[in-house]
Number of protein chains: 2
Amino acid sequence: MTDHEVLSTWRELSARHAAIVSDLERELQERHELGVSEFEVLDRLVDGVCLSADGKFRVQELAAGVHLSQSALSRLIARLEKAGFVLRSMCADDRRGVFVTLTDAGRVRHSEALPTQRRVLRAHLAATPQG
Amino acid sequence: MTDHEVLSTWRELSARHAAIVSDLERELQERHELGVSEFEVLDRLVDGVCLSADGKFRVQELAAGVHLSQSALSRLIARLEKAGFVLRSMCADDRRGVFVTLTDAGRVRHSEALPTQRRVLRAHLAATPQG
DNA sequence: ACGCATTAAATGCTTGTGCATTGAATGCAT
DNA sequence: ATGCATTCAATGCACAAGCATTTAATGCGT
């Protein structure tokens, strides 16, 4: 692969990412008052309910898949808690850790926003060359 | 393309983008004291020198290709000017517009940083499935 | 049991970003 | 020429992100 090919691949990737994030941000914000990262975290929590015994997650476990720093994630969860979408609770076995659990309101909001996300992603990614 | 495929494509794209940007940011910062967006703007200026008669660019022209808002770009250029890498000058024919030109220092810094960028991009993008 | 390095998460601080607004210059219609 | 909508770039403001630090809890070695 030549440098020129690498570069154009990178620009393509970058442009595509920017376009999708921008659309997602606008749509999720306007329709559901959710940021992209906020949605992503709710999404992970929903996804993972089946995996985890009780639907509880260490903050750390959420970090995987959400491309944010530890501090950003901490504050993001604080925002979600303030909005009533998640609860934070101490975990008994390791009292440094914090469990994050979805509330009903969080589940509802996520299920409302999910079709919006799917629609935007489909519009950008379905049936395209690199799709 | 199924929703599940769309979703996994998106996660792949997102993860890859995050990894590359993170690496680029660190390498460019550590080695050349440049942010990714700063480098990108210098890169556009260098690229475009051959295209433009005198190597002058309207701020607006730079916006294409750099995925930033108008205000972010304005401040970014202000930072580059403060660092001595570009000059801003009024353009005579439309005095609302601003011409941005590379300085020698800007050209030097860009040429120093270019191999670093190439190396990081190659490491991530060369010889990979979705390359 | 005690000290010490380590880990989890929160927080202070600085910086970059976007939105909305502003200020200035332009162009067009009347 | 005058008024008015439009465009370019800069700026006020609010907010989210990362880095470094802090606080608290763990675990390990002696």
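The figures here come from the full heavy-atom set of this structure, side chains too, leaving out hydrogens, waters and symmetry mates. Chain A is the first sequence line, chain B the second, and so forth, proteins listed ahead of strands; every chain is numbered from 1. None of these values were measured; they are calculated from a predicted model.
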message: If I compare all heavy atoms of A/S14 with all of B/H17, which pair ends up nearest, and what's the gap?
response: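 Closest heavy-atom pair between A/S14 and B/H17: CA-CD2, 4.2 Å.
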Nucleic acid contacts - [range] versus DNA chain D, non-hydrogen atoms under 4.0 Å:
{"range": "residues 22-43 of chain A", "value": "A/S37"}
{"range": "residues 88-98 of chain A", "value": "A/D94, A/R95, A/R96"}
{"range": "residues 69-86 of chain A", "value": "A/S69, A/S71, A/A72, A/R75, A/R79"}

Supply the atom-to-atom distance [X] [atom1] to [Y] [atom2], rounded to the nearest 0.5 angstrom.
{"X": "B/I20", "Y": "B/E25", "atom1": "CD1", "atom2": "CD", "value": "13.5 Å"}
{"X": "A/H124", "Y": "B/L13", "atom1": "NE2", "atom2": "CG", "value": "10.5 Å"}
{"X": "A/L87", "Y": "A/T101", "atom1": "CG", "atom2": "OG1", "value": "4.5 Å"}

task: Let me know the distance between CG of B/L62 and C1' of D/dA9, rounded to the nearest Å.
output: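 That distance rounds to 13 Å.
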Under-4.0 Å salt bridge between B/R44 and B/D47: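 Between B/D47 and B/R44 there is no salt bridge, as every charged N stays at least 4.0 Å from the carboxylate O atoms.
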Anything under 3.5 Å between a donor and an acceptor, one on a side chain of residues 109-120 of chain B, the other on a protein residue two or more places apart or in another chain? List them.
{"residue": "B/R109", "atom": "NH1", "partner": "B/H32", "partner atom": "O", "Å": "2.7"}
{"residue": "B/H110", "atom": "NE2", "partner": "B/D43", "partner atom": "OD1", "Å": "2.6"}
{"residue": "B/S111", "atom": "OG", "partner": "B/V108", "partner atom": "O", "Å": "2.8"}
{"residue": "B/T116", "atom": "OG1", "partner": "B/H32", "partner atom": "NE2", "Å": "2.6"}
{"residue": "B/R119", "atom": "NH2", "partner": "B/E27", "partner atom": "OE1", "Å": "2.8"}

- request: Look only at the side chain of B/Q29 and the backbone of B/R26, and say whether a donor-acceptor pair between them is shorter than 3.5 Å.
  value: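 Checking the backbone N and O of B/R26 against the side chain of B/Q29, no donor-acceptor pair under 3.5 Å is found.
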message: Side-chain N or O of A/R58 versus OP1/OP2 of C/dA8: is the shortest distance under 4.0 Å?
response: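 Negative; the distance criterion is not met.
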query: Which pairs count as salt bridge (Lys or Arg N to Asp or Glu O under 4.0 Å) when at least one residue sits in residues 58-73 of chain A, sequence neighbours excluded?
result: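 As it turns out, the salt bridge (Lys or Arg N to Asp or Glu O under 4.0 Å) pairs with a partner in residues 58-73 of chain A, which skip direct neighbours, are A/R58-A/D94.
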pair A/L121-B/D3: side-chain heavy atoms closer than 4.5 Å: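 The answer is no, as the side chains (C-beta and beyond) never meet within the 4.5 Å cut-off.
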Enumerate donor-acceptor pairs with a distance under 3.5 Å from any side-chain N or O in residues 74-84 of chain B to protein atoms, sequence neighbours excluded.
{"residue": "B/R79", "atom": "NH1", "partner": "B/E38", "partner atom": "OE2", "Å": "2.5"}
{"residue": "B/E81", "atom": "OE1", "partner": "B/R88", "partner atom": "NE", "Å": "3.1"}
{"residue": "B/E81", "atom": "OE1", "partner": "B/R88", "partner atom": "NH2", "Å": "3.0"}
{"residue": "B/E81", "atom": "OE2", "partner": "B/R88", "partner atom": "N", "Å": "3.2"}

